[in-house]
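First the structure, in the form of structure tokens, and then the observations on it.
In this chain, numbering begins with 1 at the start of the sequence shown.
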Amino acid sequence: MEVTFTKEAIAQIEPKFTENKNRMLKLKYDTEDCGCVMCGVTALWLVKKPEEDDIRIETNGMPVYVEKTKMVFLDDKLTISFNETANCYMLKSPSQILNARMSLLIK
């Protein structure tokens, strides 16, 4: 899996690391309250530590952790950008937009 951040996304995320020291960035495929595992929503989480199933992905910015079992729901090439007008992140691949209004949550 290849994850690339735009410079705008990096500029928005980096201050969160300063405010929340010793946190790691996780690209979470969240299925809670979605009905089933096939109906998940992607989000960015700042977590204290990776979970046992998490895989570390090197990027052009900071490393991102992804759950190995949830990688099937994500594309091989992903871009995370930031939309200033909507004040949210966007996750897209060359073939689709996976989440046009992705949140960054501190867990």
Side-chain angles (χ1 to χ4, degrees):
M1 176 178 285
E2 179 183 323
V3 179
T4 304
F5 288 91
T6 63
K7 63 181 179 182
E8 294 83 9
I10 291 171
Q12 290 294 320
I13 293 171
E14 282 182 339
K16 303 294 185 201
F17 280 107
T18 304
E19 297 167 13
N20 300 280
K21 297 197 184 303
N22 301 319
R23 298 279 178 146
M24 294 159 219
L25 191 63
K26 181 172 183 170
L27 180 58
K28 175 72 174 169
Y29 184 78
D30 193 4
T31 58
E32 190 172 322
D33 297 328
C34 290
C36 75
V37 74
M38 300 300 286
C39 299
V41 177
T42 53
L44 290 171
W45 285 10
L46 278 179
V47 297
K48 291 181 181 177
K49 63 180 184 173
E51 294 179 31
E52 193 173 305
D53 187 38
D54 288 348
I55 303 258
R56 181 182 167 121
I57 308 288
E58 295 298 331
T59 73
N60 65 321
M62 64 285 309
V64 174
Y65 289 86
V66 180
E67 292 169 277
K68 184 177 181 181
T69 57
K70 301 295 188 329
M71 289 175 74
V72 67
F73 300 110
L74 303 170
D75 292 342
D76 289 335
K77 290 188 176 194
L78 299 170
T79 301
I80 298 173
S81 59
F82 186 78
N83 182 330
E84 289 188 29
T85 305
N87 195 32
C88 63
Y89 298 88
M90 178 186 291
L91 178 66
K92 59 185 174 182
S93 73
S95 62
Q96 65 179 326
I97 295 175
L98 290 108
N99 190 344
R101 293 186 176 266
M102 192 166 60
S103 303
L104 175 62
L105 304 171
I106 298 158
K107 293 289 186 169

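The local environment of CD in Q96 is crowded, with over 12 non-hydrogen atoms from other residues, nucleotides or ligands closer than 6.0 Å.
Side-chain N or O atoms of S93 include one that pairs as donor or acceptor with a backbone N or O of S95 at under 3.5 Å. Proximity of a side-chain donor or acceptor of N83 to a complementary backbone N or O of T85 within less than 3.5 Å is detected.
Applying the salt bridge (charged side-chain N to carboxylate O under 4.0 Å, His left out) test to pairs two or more places apart or on separate chains, those with a residue in residues 52-64 are K26-D54, R56-E58.
Taking hydrophobic clusters as Ile, Leu, Val, Met, Phe, Trp and Tyr residues chained together by side-chain heavy-atom distances below 4.5 Å, Y29 does not share a cluster with I55. Side-chain heavy atoms closer than 4.5 Å link hydrophobic residues (I, L, V, M, F, W, Y) into clusters, and following such links, possibly through other members, connects M71 to M102. No path of Ile, Leu, Val, Met, Phe, Trp and Tyr side chains, each step under 4.5 Å between heavy atoms, connects L25 with V47, placing them in separate hydrophobic clusters. Linking Ile, Leu, Val, Met, Phe, Trp and Tyr whenever their side-chain heavy atoms come within less than 4.5 Å puts L91 and M1 in one cluster. Y89 and I57 fall within a single hydrophobic cluster, where Ile, Leu, Val, Met, Phe, Trp and Tyr are joined by side-chain heavy atoms under 4.5 Å apart, directly or via other members.
Scanning all heavy atoms of the two residues, the minimum distance from A86 to R101 falls at CB-NH1, 3.2 Å. Contact between M90 and A100 at its shortest, heavy atoms only, is CG-CA, 3.9 Å.
How far CD of E67 is from NZ of K28: 3.5 Å, rounded to the nearest 0.5 Å. How far CG of L46 is from CG of N20: 6.0 Å, rounded to the nearest 0.5 Å. Summarising the geometry, atom CD1 belonging to I97 is positioned 11.5 Å from atom OG1 belonging to T42; distances are rounded to the nearest 0.5 Å.
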Enumerate, atom names and distances included, each donor-acceptor pair closer than 3.5 Å involving a side-chain atom of residues 3-12, sequence neighbours excluded.
residue, atom, partner, partner atom, Å
T6, OG1, E8, OE1, 3.4
T6, OG1, A9, N, 3.2

